[in-house]
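Throughout, numbering of the chain's residues begins at 1 and tracks the sequence.
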Amino acid sequence: MGKRLSQSHAKKLKALSNWLQSLGEGIETRYYVDTGPIQDKVWAQQAGIGWIAKNGNVITREYGSWVFLGEILTNLELTPDTPHTEHCGSCTKCIESCPTDAITQPFIVDANRCIAYHTIENRDEKLPENIAENMQGWVAGCDICQDVCPWNQRFATTTDVEEFQPYSGNIAPKLIELATITNEKWDKQFTASALRRIKPQMLQRNARANLEASRQPRE
Ligand code: B12
Ligand code: SF4
Ligand code: SF4
């Protein structure tokens, strides 16, 4: 995932950090939200928030895997929660649904085969063939292995936090427009958004790969 998450997550962590520090003298805090060399998922499971699932994401009972993970490091003595147990059971839906076979074994995602990696992080001019041919409409990340997950389909509730809603102008953009997006339009459309990690040239490349794949006859 990109290093630049929406500022609203950091704001909430900052407020909680400030409150923790106000509890006494000498209390130190440091917070991260996809921003530091720290294993977000491992600590989420240890803290009882959810479990690391076969699709590589942490699943919570309340919101499924539709959560960003953040943490605060502190010297404040706290009573730990119980680590979460794993509840994927015998399900393998995510593994079967990944169009590029990126989940090479349960719990292991091979980033080199993952559409999310290539759309967000790969800066090459061209995408590898097995990715370009199987994008299924994705231009910024990929949620297929989460969309098919029963925990997301059946149990996840939608957030009521206003700042976590998507920017209205960014919902369902047209591939044909993204394929030729100018630097100016990109700058205007993706202000202060996690999507800024995907530079205009990358968005163009990703959109074009989708358009080309939809023109190819499937065998
Ligand atoms: C690098 C990274 C990526 C990379 C690489 C992921 C990968 N699996 O290699 C890419 C760009 C592909 C990526 C994609 C996505 N990411 Co990302 N990503 C990260 C990041 C920055 C670090 C994860 C990491 O590398 N950890 C270190 C490695 C060692 O851990 P790991 O990959 O989880 O591996 C564990 C197991 O897989 C296992 N393991 C790994 N390799 C091997 C090998 C063997 C032999 C064995 C036995 C075990 C094993 O052990 C590890 C420890 O438990 C975290 C943020 C953070 N700081 O934690 C976000 C994070 C994991 N990403 C996140 C998100 C949202 C996504 C996407 C959904 C974004 C999107 N919509 O496209 C996709 C999902 C792809 C997927 N199915 O996992 C969220 C997940 C939220 C959640 N509910 O869990 C995180 C936590 C960011 C955040 N703070 O919210 N991501
Ligand atoms: S994010 Fe997409 S490409 Fe990556 S493992 Fe999940 S389904 Fe496969
Ligand atoms: S689809 Fe099934 S196996 Fe994959 S993460 Fe969800 S519950 Fe686990």
Quick one: does Val33's side chain get under 4.5 Å of Leu69's, heavy atoms only? no
Can a donor-acceptor pair be found, under 3.5 Å and without considering hydrogens, that links the side chain of Thr119 to the backbone of Gly141? yes
Cluster question for you: counting only ILVMFWY and a side-chain heavy-atom cut-off of under 4.5 Å, with indirect links fine, are Leu20 and Leu13 together? yes
Under the 3.5 angstrom rule, does the side chain of Asp187 hit a backbone N or O of Asn183 as a donor-acceptor pair? no
Residue pair Glu133 / Ala213: nearest heavy atoms and the distance that separates them: O-CB, 4.2 Å
Just so I know, are the side chains of Phe68 and Asp34 near enough to count as touching, which here means a heavy-atom distance under 4.5 Å? no
With distance as the sole test, does Asn210 use its side chain to make a donor-acceptor pair with the main-chain N or O of Asn206 at under 3.5 Å? yes
In the structure I gave you, are the side-chain heavy atoms of Asp143 and Trp138 within less than 4.5 Å of one another anywhere? yes
Can you tell me if Asn134 uses its side chain to pair, donor with acceptor, with the backbone of Glu129 under 3.5 Å? no
In the hydrophobic cluster built from side-chain contacts under 4.5 Å, what are the other members alongside Ile49? none
So which heavy atom on Asp40 is nearest to which on Glu71, and how close? OD1-OE2, 2.7 Å
Atom CD1 in Ile52, atom NZ in Lys54: separation rounded to 0.5 Å? 14.5 Å
Test: side-chain hydrogen bond (donor to acceptor under 3.5 Å, both in side chains). Region: residues 21-30. Which pairs qualify, not counting sequence neighbours? Gln21-Thr29, Arg30-Tyr32
How are the rings of Trp51 and His84 set to each other: parallel, tilted or perpendicular (split at 30° and 60°)? tilted
Test ring-ring contact (aromatic ring centres under 6.0 Å, His included) applied to Trp43 - qualifying residues, sequence neighbours left out: none
All heavy atoms of Ala179 vs all of Leu211, minimum pair found to be CB-CD1, 3.8 Å
Looking at residues at least two apart in the chain, or sitting in another chain, which of them share a ring-ring contact (aromatic ring centres under 6.0 Å, His included) with Phe107? none
Shortest non-hydrogen contact between Ile59 and Cys149, atoms and distance: CD1-SG, 3.8 Å
I'd like to know if the side chain of Trp186 and the backbone of Ile198 have a donor-acceptor N/O pair within less than 3.5 Å. yes
Sequence neighbours excluded, the answer for side-chain hydrogen bond (donor to acceptor under 3.5 Å, both in side chains) partners of Glu96 is Thr92
Tell me the closest heavy-atom pair linking Asp81 and Ala47, and the distance in Å. CB-O, 3.3 Å
Taking atom CD1 as the centre, does Ile176 end up with more than 12 heavy-atom neighbours from other residues, nucleotides or ligands that are less than 6.0 angstrom away? no
Donor-acceptor pair, Arg205 side chain versus Asp124 backbone, under 3.5 Å? yes
Spacing of Met202 atom CE and Leu195 atom CG [to the nearest 0.5 Å]: 11.0 Å
Answer yes or no: is there a side-chain heavy-atom contact under 4.5 Å between Cys94 and Asn57? no
Side chain to side chain contact (heavy atoms under 4.5 Å, CB included) for Ile144 and Gln136? Distances and angles first, verdict last. CA-CA 9 Å; Ile144 295 172; Gln136 304 200 3; 3.8 Å; yes
Are a donor atom and an acceptor atom from the side chains of His118 and Arg113 found within less than 3.5 Å of each other? no
Under 3.5 Å, side chain of Glu86 to main-chain N/O of Cys88, donor-acceptor pair present? yes
When you compare the side chain of Trp151 with that of His87, does any pair of heavy atoms fall below 4.5 Å? yes
Over all heavy atoms of both residues, which pair between Ile120 and Ala140 is shortest? Give the atoms and the distance, please. CG1-C, 4.4 Å
Any chance you could measure Arg197, atom CZ, to Arg123, atom CZ, to the nearest 0.5 Å? 6.0 Å
Under 3.5 Å, side chain of Lys93 to main-chain N/O of Pro150, donor-acceptor pair present? no
NZ of Lys185 to CD of Glu177, rounded to nearest 0.5 Å, is 5.5 Å
Verify, without hydrogens or angle tests, whether Ser17 (side chain) and Ala15 (backbone) share a donor-acceptor contact under 3.5 angstrom. no
Tell me, do Val109 and Tyr117 make a side-chain contact under 4.5 Å, heavy atoms counted? no
For the hydrophobic clusters of this structure (ILVMFWY residues joined by side-chain heavy atoms under 4.5 Å, transitively), does one cluster hold both Leu78 and Tyr31? yes
Sub-4.5 Å side-chain heavy-atom contact between Val42 and Ile38: no
Are any of the side-chain heavy atoms of Cys114 and Thr100 separated by less than 4.5 Å? no
Atom CG in Asn152, atom OH in Tyr63: separation rounded to 0.5 Å? 13.5 Å
Excluding sequence neighbours, so at least two apart, what forms side-chain hydrogen bond (donor to acceptor under 3.5 Å, both in side chains) with Asp110? none
In terms of side-chain heavy atoms, does Ser65 have a donor or acceptor partner in Asn55 at a distance below 3.5 Å? no
Any donor-acceptor pair under 3.5 Å linking the side chain of Gln204 with the backbone of Ile181? yes
In this structure, CD1 of Ile103 is separated from CD1 of Ile108 (nearest 0.5 Å) by 10.5 Å
